[in-house]
S.K.: 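Next up is a structure, given as structure tokens.
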Amino acid sequence: MTKKDYIKLLETIGLYMELKGENTFKVSAYRKAAAALEQSQVPIDELADFTVLPGIGKGVSEVLNEYRATGESSLLEELKEAVPAGHIQMLKIRNLGAKKIVKLYKELNITTIDELKAACESHAVSGLTGFGKKTEETILQGIQDLETKKEHITIHEAVKLTGFINQTLEEAAHVKRFAVAGSHRRMKELSKDLDYIVVTDDALAAAKEIEAFTFIQHIEVSGQEKVSVTVKMDDLESGVDFRFTDDKGFVQMLNHFTGSKEHNVKMRQLAKARDEKVNEYGITLADGTLKQYDSEEAIYKHYQLNYIPPEMRDDVTAFEVEQSEILKLSDIRGDLHMHTTASDGAFELEEMIEACIQKGYDYMAITDHSRSLKVANGLSVERLLAQNQKIKELNQAYSEIDIYSGIEMDILPDGTLDYADDVLKELDYVIAAIHQSFNQSEEETMQRLINACQNPYVRQIAHPTGRLIGRRSGYAVNMAELIEVAGQTNTVLEINANPMRLDLSAEVIRQYPDIKLAINTDAHHTSHLEFMKYGVGTAIKGHVKREQVLNTLTREAFHDWLQKGKTT
DNA sequence: GCCGTTTTCGGCCCGACTGTTTTCAGTCG
């Protein structure tokens, strides 16, 4: 049983208890225990006594011990006897919670979504006290949405959607300022909806203006404080909340609605301990005055805390992290993976250089595709050496930036590399990557990756798992082994910053605190250089320290690192 | 069910919106 199984058990117990009508604090105790387990960095098998974790006491630990010993939970079995399985599914229906489900069960003996649907259609539901015609319609709509709507949008879908929405908001007369909050600001790979904080002098006028946006399909909620809508653009659909505030309340509201829920609970507990109260409007001091700060840094400072970046607010472990070690976007001094028109990029070599200078970088590497990748117009040896020569000349012409000559070289299915060593030794920065034969066994795939790491000229493995978020899971990698070999051979692993990839992921990186990384955009267009913020966000989410990241080195230090070669 | 430098009992984070009510419960974030 993995840690995930234990977490799932506690969460499932919580769900069943809620549906059984148990005390809400008891229910949340099980959820807190699940969160405590998730946040623990101790491997589950080494955790002899569960009660050492805050939030896990005698009761929960007995459940976990039984599960560890037998693989089962008598508590969960009892709950399953008492609660119809269909009720768990029914909880997924929007605007339908445990209380209503219990009432529908007691009054109409409804146990499944199908039965609920029939009861709504025959108007049996609206006959119950506390239920009306509207509720019946809401439930039917909720059932339909559950069947047709996707549960989440991916981060790259969120990037695309917010791009459109931002543009429209910028032109809105009653919108003075706005920002994205919520899970997308925390840079989650998947988001349930999008959250906007909107500064306005006239909330009702702004609401009216927003509700008239052409891409809004449905208005769910419309009030003084917020508007909730469904937006649809091309084939993308998502819920979007707009929260209204004035200039002074902006930062507090941004902080509150960035969450996460667990982060906010912790903040409120801190406030309470000081006899203060914090909510989306500000901090109410002990004497009753409302304090509103104009930066999030100041909010954390109020509690004698270091600033916690949004990416680290998914759980409360960030409250313990030393600020000086946290990576920042401005720490990145160069981008080491990008393409030009020589292979499948959209811009010329010189245009990519100019764009990197605009970004303020100290160095960059040009890494087009290698000869085997025919669909991407991969470079023959002749073209590669010619490009290498040209880059060395251009390097003389640009004093602002060091331009390194590289390649994104394919690791072929048989484990050999796409160029011989006597070609590779001419280059400054060789990246190896897998672009074909994704279906090989883990053993075959690992042999390819290990071969690449062991080559004396390969400095980096690009997008190490080959995954595309929400689309494909990538090839079979033994991550622990890859990281070990990469460490031994002084080969850097990439965080590919393209929001389709984010590979390695934050989840993986966090498990290996000593891993050496490079964060690169893999830009095929000058605008893709902006993806760096998603790569850095992923690193921050993975609690990466600045020292772990190759391209935080200064211009001179990076030059020295290259000169030194792979053997130390 | 968990927790404790004011507590081993009595708390446990806070507010908006909706629908069904006629003052509030349920749900969501």
Side-chain angles (χ1 to χ4, degrees), chain A residues 10 13-14 17-18 20-37 50-64 75 79 90-104 125-139 141-142 181-186 191-197 203 207 219-229 239-245 249 252-253 255-284 313 316:
Chain A
L10 296 180
I13 289 173
M17 281 184 164
E18 195 180 5
K20 206 186 153 199
E22 278 279 11
N23 176 305
T24 53
F25 295 112
K26 192 168 164 180
V27 174
S28 77
Y30 275 88
R31 296 201 170 130
K32 274 183 200 162
L37 215 48
F50 291 107
T51 62
V52 298
L53 299 179
I56 297 186
K58 194 162 160 280
V60 173
S61 101
E62 269 172 24
V63 171
L64 292 174
L75 172 61
L79 287 166
M90 284 164 67
L91 261 186
K92 289 188 182 155
I93 298 168
R94 210 151 33 96
N95 297 314
L96 188 66
K99 296 260 170 60
K100 280 185 182 159
I101 291 173
V102 169
K103 177 142 189 172
L104 288 164
V125 170
S126 57
L128 303 175
T129 52
F131 290 74
K133 201 160 165 284
K134 264 294 199 189
T135 306
E136 219 166 51
E137 285 168 16
T138 308
I139 291 173
Q141 184 63 50
S183 56
H184 185 55
R185 183 161 182 250
R186 301 201 310 275
S191 291
K192 244 175 85 181
D193 63 2
L194 297 171
D195 295 277
Y196 274 89
I197 309 301
I219 298 164
E220 322 280 349
V221 170
S222 175
Q224 288 260 20
E225 303 287 328
K226 70 173 244 186
V227 167
S228 289
V229 301
V240 185
D241 284 358
F242 298 91
R243 307 261 171 185
F244 303 115
T245 180
Q252 201 72 48
M253 192 153 291
N255 185 255
H256 180 89
F257 285 108
T258 296
S260 63
K261 207 162 63 182
E262 293 75 14
H263 183 88
N264 286 358
V265 167
K266 176 91 181 172
M267 295 290 272
R268 288 196 182 104
Q269 286 167 344
L270 288 171
K272 210 174 157 121
R274 299 160 52 112
D275 210 16
E276 297 174 353
K277 196 179 78 174
V278 61
N279 59 23
E280 60 263 52
Y281 304 110
I283 300 167
T284 306
R313 298 182 201 164
V316 294

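A note on names: the letters A, B, ... follow the listed sequences, proteins ahead of strands, and every chain is numbered from 1.
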S.K.: For A:Lys58 and B:dC2, what is the distance between atoms NZ and P respectively, to the nearest whole Å?
M.R.: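 Answer to the nearest Å: 9 Å.
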S.K.: Side chain of A:Phe25: nearest nucleotide among B:dG1, B:dC17, B:dG26?
M.R.: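 That would be B:dG1.
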S.K.: Is it true that A:Lys226 and A:Glu280 have a side-chain N and a carboxylate O under 4.0 angstrom from each other?
M.R.: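 No, no charged N to carboxylate O under 4.0 Å.
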S.K.: Report the nucleotide, chosen from B:dT20, B:dA16, B:dC2, that has the shortest atom-to-atom distance to any side-chain atom of A:Tyr281.
M.R.: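 So the nucleotide nearest the side chain must be B:dA16.
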S.K.: Is it true that A:Glu262 and A:Lys266 have a side-chain N and a carboxylate O under 4.0 angstrom from each other?
M.R.: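 No salt bridge links A:Glu262 with A:Lys266.
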S.K.: Expressed in whole Å, how much space separates the C1' atoms belonging to B:dT23 and B:dC17?
M.R.: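 These two C1' atoms come out 16 Å apart once rounded.
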S.K.: Rounding to a whole Å, what distance do you find between A:Asp193:CG and B:dG29:P?
M.R.: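 Going from CG in A:Asp193 over to P in B:dG29 covers 6 Å.
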S.K.: Nearest of B:dC17, B:dG29, B:dG15 to any side-chain atom of A:Asp195?
M.R.: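 The closest nucleotide is B:dG29.
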S.K.: Starting at the 5' end of DNA chain B and moving along, which residue's nearest nucleotide shows up first, A:Gly97 or A:Thr135?
M.R.: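 The residue whose closest nucleotide sits nearer the 5' end is A:Thr135.
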S.K.: Of all the choices, B:dG1, B:dT27, B:dG15, which nucleotide is nearest to the side chain of A:Ala29 once you look at every atom?
M.R.: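 The answer is B:dG1.
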S.K.: Both distances below 3.5 Å, Watson-Crick or wobble geometry, any strand: find the nucleotide opposite B:dC3.
M.R.: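 In the structure as shown, B:dC3 has B:dG10 as its Watson-Crick or wobble partner.
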S.K.: Rounded to whole Å, how long is the line connecting atom NZ of A:Lys226 with atom C1' of B:dT27?
M.R.: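 Distance check: A:Lys226 NZ to B:dT27 C1' gives 10 Å.
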S.K.: Using the C1' atom as the point on both nucleotides, what is the distance between B:dT20 and B:dC14, in whole Å?
M.R.: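 Nearest-Å result for B:dC14 against B:dT20 at atom C1': 24 Å.
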S.K.: Measuring only the P atom in each nucleotide, how far is B:dC2 from B:dT6? A whole number of Å is fine.
M.R.: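 24 Å, rounded to whole Å.
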S.K.: Tell me the interatomic distance from A:Lys92, atom NZ, to B:dT27, atom P, rounded to whole angstroms.
M.R.: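 Rounded to whole Å, this separation is 17 Å.
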S.K.: Side chain of A:Gln224 only, heavy atoms from C-beta on: which candidate in B:dC17, B:dG19, B:dG1 is closest?
M.R.: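 It is B:dC17.
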S.K.: I'd like the C1' distance from B:dG1 over to B:dT5, given in whole Å.
M.R.: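 The answer is 24 Å between these two C1' atoms.
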S.K.: Is any side-chain heavy atom of A:Val265 closer than 4.5 Å to one of A:Val316?
M.R.: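 Of all side-chain heavy-atom pairs linking A:Val265 with A:Val316, none is under 4.5 Å.
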S.K.: Of the listed nucleotides (B:dT27, B:dA16, B:dG1), which one gets closest to any side-chain atom of A:Lys100?
M.R.: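 Out of B:dT27, B:dA16, B:dG1, the nucleotide with an atom closest to A:Lys100's side chain is B:dT27.
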S.K.: Which heavy atom in A:Leu75 sits nearest to a heavy atom in A:Met17, and how many Å separate them?
M.R.: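 Nearest pair, atom of A:Leu75 first, then A:Met17: CD2-CE, 4.2 Å.
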S.K.: Picking from B:dC14, B:dC2, B:dT27, which would you name as closest to the side chain of A:Lys277?
M.R.: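 Of the candidates, B:dC14 comes closest.
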S.K.: With sequence neighbours left out, write down each residue that passes side-chain contact (heavy atoms from CB on, under 4.5 Å) with A:Phe25, or none if nothing qualifies.
M.R.: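 A:Phe25: side-chain contact (heavy atoms from CB on, under 4.5 Å) contacts with A:Asn23.
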S.K.: How many Å lie between CZ on A:Phe131 and C1' on B:dG26, as a whole number?
M.R.: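 Atom CZ in A:Phe131 sits about 9 Å away from atom C1' in B:dG26.
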S.K.: For the side chain of A:Lys272, counting heavy atoms from C-beta on, which of B:dC14, B:dT20, B:dT27 is nearest?
M.R.: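 Between B:dC14, B:dT20, B:dT27, the one nearest the side chain of A:Lys272 would be B:dC14.
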S.K.: Tell me the interatomic distance from A:Lys103, atom NZ, to B:dG19, atom C1', rounded to whole angstroms.
M.R.: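 From A:Lys103 NZ to B:dG19 C1': 14 Å.
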S.K.: Starting at CZ of A:Arg31 and ending at C1' of B:dC12, how long is that distance when rounded to a whole Å?
M.R.: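 Taking CZ of A:Arg31 and C1' of B:dC12, I get 15 Å after rounding.
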S.K.: Using the side-chain heavy atoms of A:Arg243, tell me which of these nucleotides is nearest: B:dG26, B:dC14, B:dG29.
M.R.: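 Among B:dG26, B:dC14, B:dG29, the one nearest the side chain of A:Arg243 is B:dG29.
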S.K.: Salt bridge check: are A:Glu220 and A:Arg94 linked by an N-O gap of less than 4.0 Å?
M.R.: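 Salt bridge flag = yes for A:Arg94 with A:Glu220.
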S.K.: Let me know the distance between CG of A:Asp241 and P of B:dG15, rounded to the nearest Å.
M.R.: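 Distance, rounded to whole Å: 19 Å.
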S.K.: Checking one value: the base orientation of B:dT7, syn if chi is within 90 degrees of 0, otherwise anti.
M.R.: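 Syn, which is what one calls it when the glycosidic angle falls within 90° of 0.
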S.K.: Expressed in whole Å, how much space separates the P atoms belonging to B:dA16 and B:dT21?
M.R.: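 The same atom, P, in both gives a distance of 24 Å.
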